[in-house]
Number of protein chains: 2
Amino acid sequence: MGTLADHIEAYIKQMLRENQGRAIELSRAQLADVFACVPSQINYVLATRFSLERGYIVESRRGGGGYIRIGRVQVEDVRQDTIELLNQIGQRLSERQMNNVLARLIDHHVLNARQAGIIRGIVQQECANIGEGKDVLRASLVRAMLLLILEQGV
Amino acid sequence: MGTLADHIEAYIKQMLRENQGRAIELSRAQLADVFACVPSQINYVLATRFSLERGYIVESRRGGGGYIRIGRVQVEDVRQDTIELLNQIGQRLSERQMNNVLARLIDHHVLNARQAGIIRGIVQQECANIGEGKDVLRASLVRAMLLLILEQGV
DNA sequence: CTAGTCAAGGTCAGGGATGGTCAGAGGAGG
DNA sequence: CCTCCTCTGACCATCCCTGACCTTGACTAG
């Protein structure tokens, strides 16, 4: 974890943990100050690490007294949520989307980092040998492997 | 005398040993520099010597702060012949062939009947949604799920 | 009420830093 | 020769980070 974006991500997640997972509120300018970077860097981190796909909800308001609020999508039944997530995977799944799915499942403790790594490795290897239709194959593979884990890992 | 690829392979394995088998992280450009070769040579070594079948897992990230991470997955000797079997699955796998593979793995106690059933179900579902290339997709799916079970125990 | 001002946050295009891919040249062994 | 493995280089894809410019909201002077 070396980049600035990684550090900011970790910092925000730490804040969330310390707040027991309830939504936190912060100032973009102040946070940028803490990390000595331009404010728009914060937007980059929010867009890439705290997207809805990854299970986060980000709200904000401009103007005087503006703020950024970050919360997690509330999930009652993790297993059910995962199944829905898998159903929402369409016919195609980009590498980026896959990473978002895996990141979210790690967050929800459906997977650990090791399992996610193995899945990524398998997908990469299988996708390497075909030209067209990587996204289609990736969608099938990810669905299949996650279903397998769900149905028999419990 | 070994080839350049052999030397790079040995070098990386040495690094892994020195790190007690924990995953190592390296820079493609730097490593290429050490061996005075083009960066893509590293990819060649990774693809040919550090594949999943050989028990390695390779992850990478591009862009600033990019890296290549190499870790090991433990594969029990008992299961090594299963890996062989998976490697023999070619680009296509008919339903009959799949059933033969699964039956054989049940015989060898690599799978139980329930697991085989789950795999069949998932494959059937995934293959139902596409027209052409069912056999190709089936080959990928079966390889992927069996690798997942082997390397991770699910 | 209106316009102006200040204080947030948002967007977007671009540049630099990595790693990935692929076709083909080059070699070593049968 | 023929084939398989190595190795290279040109071109590609992705990620991170910045800075100029834009939008929104609250407050306040007239």
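Scope of the values below: all heavy atoms of this structure, side chains included, with no hydrogens, waters or symmetry mates.
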- Message: Does anything in residues 21-32 of chain B come within less than 4.0 Å of DNA chain C? Heavy atoms only, and list the residues if so.
- Response: Ser27(B), Arg28(B), Ala29(B)
- Answer yes or no: is there a donor N or O on one side and an acceptor on the other, between the side chain of Gln152(A) and the main chain of Ile149(A), under 3.5 Å? no
- Item | All pairs passing ring pair (Phe, Tyr, Trp, His ring centres under 6.0 Å) where residues 54-81 of chain A contributes a residue, at least two apart | Phe50(A)-Tyr56(A)
- Item | Touch class at under 4.0 angstrom, heavy-atom based, for Ile42(B) against every strand present | nothing
- Item | Asp6(A) with Arg61(B): basic N within carboxylate O range, under 4.0 Å | yes
- Query: For residues 43-51 of chain B, which residues have at least one heavy atom under 4.0 Å from DNA chain C?
  - Reply: Asn43(B)
- How close do Leu16(B) and Ile70(B) get, heavy atom to heavy atom, and via which atoms? CD2-O, 3.7 Å
- Task: Check the distance between dT21(C)'s P and Asn129(A)'s CG and give it to me in whole angstrom.
- Result: 11 Å
- Note on the structure: Under a 4.0 Å heavy-atom cutoff, the residues of residues 52-60 of chain B touching DNA chain C are Ser60(B)
- For Gly117(A) and Glu59(B) the tightest heavy-atom approach is CA-OE2, 3.9 Å
Check nucleotides 12-14 of chain D for protein N or O atoms closer than 3.5 Å to its own N or O atoms and list the pairs.
from	atom 1	to	atom 2	distance (Å)
dA13(D)	O4'	Arg62(B)	NH1	3.1
dA13(D)	N3	Arg62(B)	NH1	3.0
dT14(D)	O2	Gly63(B)	N	3.4

- Give the minimum heavy-atom separation between Arg72(A) and Asp107(A), together with the two atoms involved. NH2-O, 3.5 Å
- Item | Distance, rounded to the nearest Å, where Tyr67(B) contributes OH and dC16(D) contributes C1' | 13 Å
- Message: Closest-nucleotide mapping onto DNA chain D: is Leu4(A) or Ala36(B) further toward the 5' terminus? I mean the 5' end.
- Response: Ala36(B)
- 5'-most by nearest nucleotide on DNA chain C - Gly65(B) or Lys134(A): Gly65(B)
- Within 6.0 angstrom of Glu84(A) CD, more than 12 heavy atoms from elsewhere: yes
- Ignoring hydrogens and geometry, is there a side-chain-to-backbone donor-acceptor pair from Gln97(A) to Ser94(A) under 3.5 Å? yes
- Message: With a 3.5 Å distance limit and no angle check, can you tell me whether His7(B) reaches the backbone of Thr3(B) through a side-chain donor-acceptor pair?
- Response: yes
- Query: Are the side chain of Asn100(A) and the backbone N or O of Arg104(A) linked by a donor-acceptor pair below 3.5 Å?
  - Reply: no
- Item | Protein-nucleotide distance (Arg61(A), atom CZ; dC27(D), atom C1'), rounded to Å | 13 Å
- Roughly how bent is the helix from dC1(C)-dG30(D) to dG30(C)-dC1(D) end to end, in steps of 10 degrees, with each end axis from five pairs? 10°
- Query: Side chain of Arg138(B), backbone of Leu93(B): donor and acceptor closer than 3.5 Å?
  - Reply: yes
- Closest heavy-atom pair and its distance - Arg120(A), Met98(A): CG-CE, 3.6 Å
- Item | Whole angstrom value for the distance that separates C1' of dG26(C) from CD of Gln41(B) | 13 Å
- Heavy atoms of Gln125(A) and Ser51(B) approach each other most closely as OE1-CB, 4.0 Å
- Check: Ser40(A) side chain, dG10(C) base, donor-acceptor under 3.5 Å: no
- With heavy atoms under 4.0 Å as the rule, sort Ile68(B) into base, sugar-phosphate or nothing. sugar-phosphate
- Heavy-atom donor-acceptor pair, Gln88(A) side chain to Leu85(A) backbone, under 3.5 Å: no
- Query: Closest heavy-atom contact between Leu150(A) and Arg79(A)?
  - Reply: O-NH1, 3.1 Å
- Message: Donor-acceptor check, side chain of Asn19(B) to backbone of Gly21(B), threshold 3.5 angstrom: yes or no?
- Response: no
